[in-house]
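Since the model is a prediction, treat every value here as computed from it, not as a measurement. Side chains are part of it too, since the values below use all heavy atoms of this structure and drop only hydrogens, waters and symmetry mates. Numbered from 1 within each chain, the chains take letters A, B, ... in sequence-line order.
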Amino acid sequence: MHPAPSIIVFTVLSGLGLGMVFWAGLGLGPDHGAARWWIAVLALGFAAGGGAASAGHLARPDRAWRAFSQWRSSWLSREACLMVAALGTFGMYAAGWTLGGVRFWPVGWIAAGLALATVYATAMIYAQLRTVPRWSLTPTPQTFLAFAGAGGLMGVEAASALGGADVSAGRVLLALALTAGVAVWWQTEAAGAGRRSTGSDIGTATGLGRLGRVRLFEPPHTGSNYLLDEMAYRVGRRRAYQLRLIGAVAGFLVPLALTLLAPLLGGWLMVPALVSHVAGVMALRWLFFAEAEHVQAFYYGMR
Amino acid sequence: MTTLPDRVERRMGLVIDLDICVGCHACAVSCKEWNTQGYGAPLSDQHPYGADPSGTWLNRIHSFEIEPEDAPAQIVHFPKSCLHCEDAPCVTVCPTGASYKRVEDGIVLVNEDHCMGCGLCAWACPYGARELDRAEGVMKKCTLCVDRIYNDNIPEEDRLPACVRSCPAGARHFGDLSDPGSAVSDMVRARGGMDLMAEQGTKPVNKYLPPRIRDRHATAPQTVQLARLAEPEATGFLGWLDRALERLG
């Protein structure tokens, strides 16, 4: 599938921001000082910025408001509605927290629940597609939720450090380790989830498979088209190994090392740890799209 | 709402005979011609005379080769357009309400005034039947020529989808597949009309009639054996000996 930069930025940044909303809503972060401001502003900024980036994928962004209407059937619509609800609720909670120094606990819990639901809905946009086994046969929702949780926790700790508050390294280490485990789980399932893993092949696609071996003799057009650009994307696959290495090192090993050093050298190390983690997750998210195979490519002779 | 209707009154669709299609692309051309000027935005082309031309088409003709175990290979021309599925995954994923399936005839359509061009419906379709128009920024797909089939302003014989009307070989048929007495339903029964990628669970309305099994005559060309062709032809005494030995069996 075509790895559109707008969608990669959207899923990574909104996941990070909503993860921060989740943890701050549950009560993480100090109750006084500048750290509260950093947490609230960064959480809302990442989530809203990520949400806005998704509009970059639309051919007609002026009609994006219509995406709030079909929540009964469409995961994309649910995601849009939940995002607004989560950020609205968190905005109220953050106002009381930053301006008044009071946490309205029920509001915080509702914001945390909505943030979780939003990340789940984002993942389901992809996980619902039977046409892309690499997304639908793998633990995609679990992966998106784990990444949002770990990134959000690192975001809260980095924002706390920026605000001069103490950093709790232990839970970040735990979250990174758990998320690395979920990432390996996803990767293990994805390794066997090619285009043919739901039983489709060029024979079932054409219905001609029972007559003999089928191959494409002549494609319908000599140039490229929307279908090939969008759903038969193959550019850069040969760099998959290097990108996965970046994902492992920048996304997990470097943040783990920096988080271990933070209690010794200073909480500010959580900031480069977060930057490194986000860069690593971006590399993995690029591969999430670029390596996914669509069954439609059978009609173009791809196996 | 982009939920699918519980039931449709009719299931209008196409039956495509793969035994007859000659791969002339006339249906694709007449589809482009009709649909660039009727329903919705024109079907745009990008760099049509440049080095890398591309464009929006609602119907495309692939050609496949079947290689049976024990018979010569066979070419099958394969027109592909929207199958107007009963369980159309493209409809339910639509976030704006632009995609819908009509109750009265089961046709899957896009309201181009509501489409925001996110492309998710094209991702959900297993068949590659939806193409985003790169000039208009909205999703285009086969409409089964809704602006022809009910059009009282054109002669009755033209009230067919443009692809069916233009096919010079009679490989394409249009009708109500929910009516067991319709001509298209008869064809599907008689010829074993099949669903494409049934395992995707989309329940396509359009059916494809598989190519008939070809007669196999004893004199028909068999799979060519190159080794035999490479044997030298013997002449003279050796040739006589060769033929004599052949006669012994």
Practice problem: Could you tell me which portion of Glu69(B) (side chain, backbone, both or neither) has an atom closer than 4.5 angstrom to a non-hydrogen atom of chain A? | Solution: neither
Quiz item: Just checking, any donor-acceptor pair under 3.5 angstrom between side chains of Ser99(B) and Arg130(B)?
Solution: yes
Practice problem: Let me know if Cys94(B) has heavy atoms under 4.5 Å from chain A in its side chain, its backbone, both or neither. | Solution: backbone
Exercise. Go through the atoms of Phe78(B) and report whether side chain, backbone, both or neither lie under 4.5 Å from a heavy atom of chain A.
Key: side chain
Quiz item: Just by distance, with hydrogens left out, do His2(A) and Tyr226(A) show a side-chain donor and acceptor under 3.5 Å apart?
Solution: no
Self-check item: Best-contacting candidate, Arg213(A), Gln296(A), Met231(A), against chain B by heavy atom pairs under 4.5 angstrom
Solution: Arg213(A)
Quiz prompt | Pair Gln200(B), Thr131(A): side-chain N/O donor-acceptor within cut-off below 3.5 Å | solution = no
Quiz item: When only pairs under 4.5 Å are counted, which of Pro219(A), Ala59(A), Pro220(A) shares the most heavy-atom pairs with chain B?
Solution: Pro220(A)
Quiz prompt | chain A contact via Glu136(B) - side chain, backbone, both or neither, heavy atoms under 4.5 Å | solution = both
Practice problem: Can you sort out the partners of Phe289(A) under ring-ring contact (aromatic ring centres under 6.0 Å, His included), two or more places apart, ordered by chain and number? | Solution: Tyr126(A), Trp135(A)
Practice problem: Verify the distance criterion only: is there a donor paired with an acceptor across the side chains of Asp87(B) and Thr202(B) at less than 3.5 Å? | Solution: no
Quiz item: Is chain A contacted by the side chain of His77(B), its backbone, both, or neither, given a heavy-atom distance below 4.5 Å?
Solution: neither
Quiz item: chain A heavy atoms under 4.5 Å from Val76(B): which part of the residue, side chain, backbone, both or neither?
Solution: side chain
Quiz prompt | chain A contact via Pro53(B) - side chain, backbone, both or neither, heavy atoms under 4.5 Å | solution = backbone
Exercise. Heavy-atom pairs under 4.5 Å with chain A are the metric here; pick the option from Pro89(B), Cys115(B), Gly119(B), Pro68(B) that has the most.
Key: Cys115(B)
Quiz item: What part of Ile75(B) is in contact with chain A, defined as an atom under 4.5 angstrom from a non-hydrogen atom: side chain, backbone, both or neither?
Solution: side chain
Quiz item: Does NZ or CZ of Lys80(B) come closer than 6.0 Å to the centre of the six-membered ring of Tyr299(A), within 45° of the ring's axis?
Solution: yes
Exercise. Please collect all side chain to side chain donor-acceptor pair (under 3.5 Å) contacts where either partner lies in residues 117-126 of chain B, sequence neighbours excluded, each pair once.
Key: Glu230(A)-Trp123(B)
Quiz item: Which region of Arg134(B), side chain (C-beta onward) or backbone (N, CA, C, O), has a non-hydrogen atom less than 4.5 Å from a non-hydrogen atom of chain A, or is it both or neither?
Solution: side chain
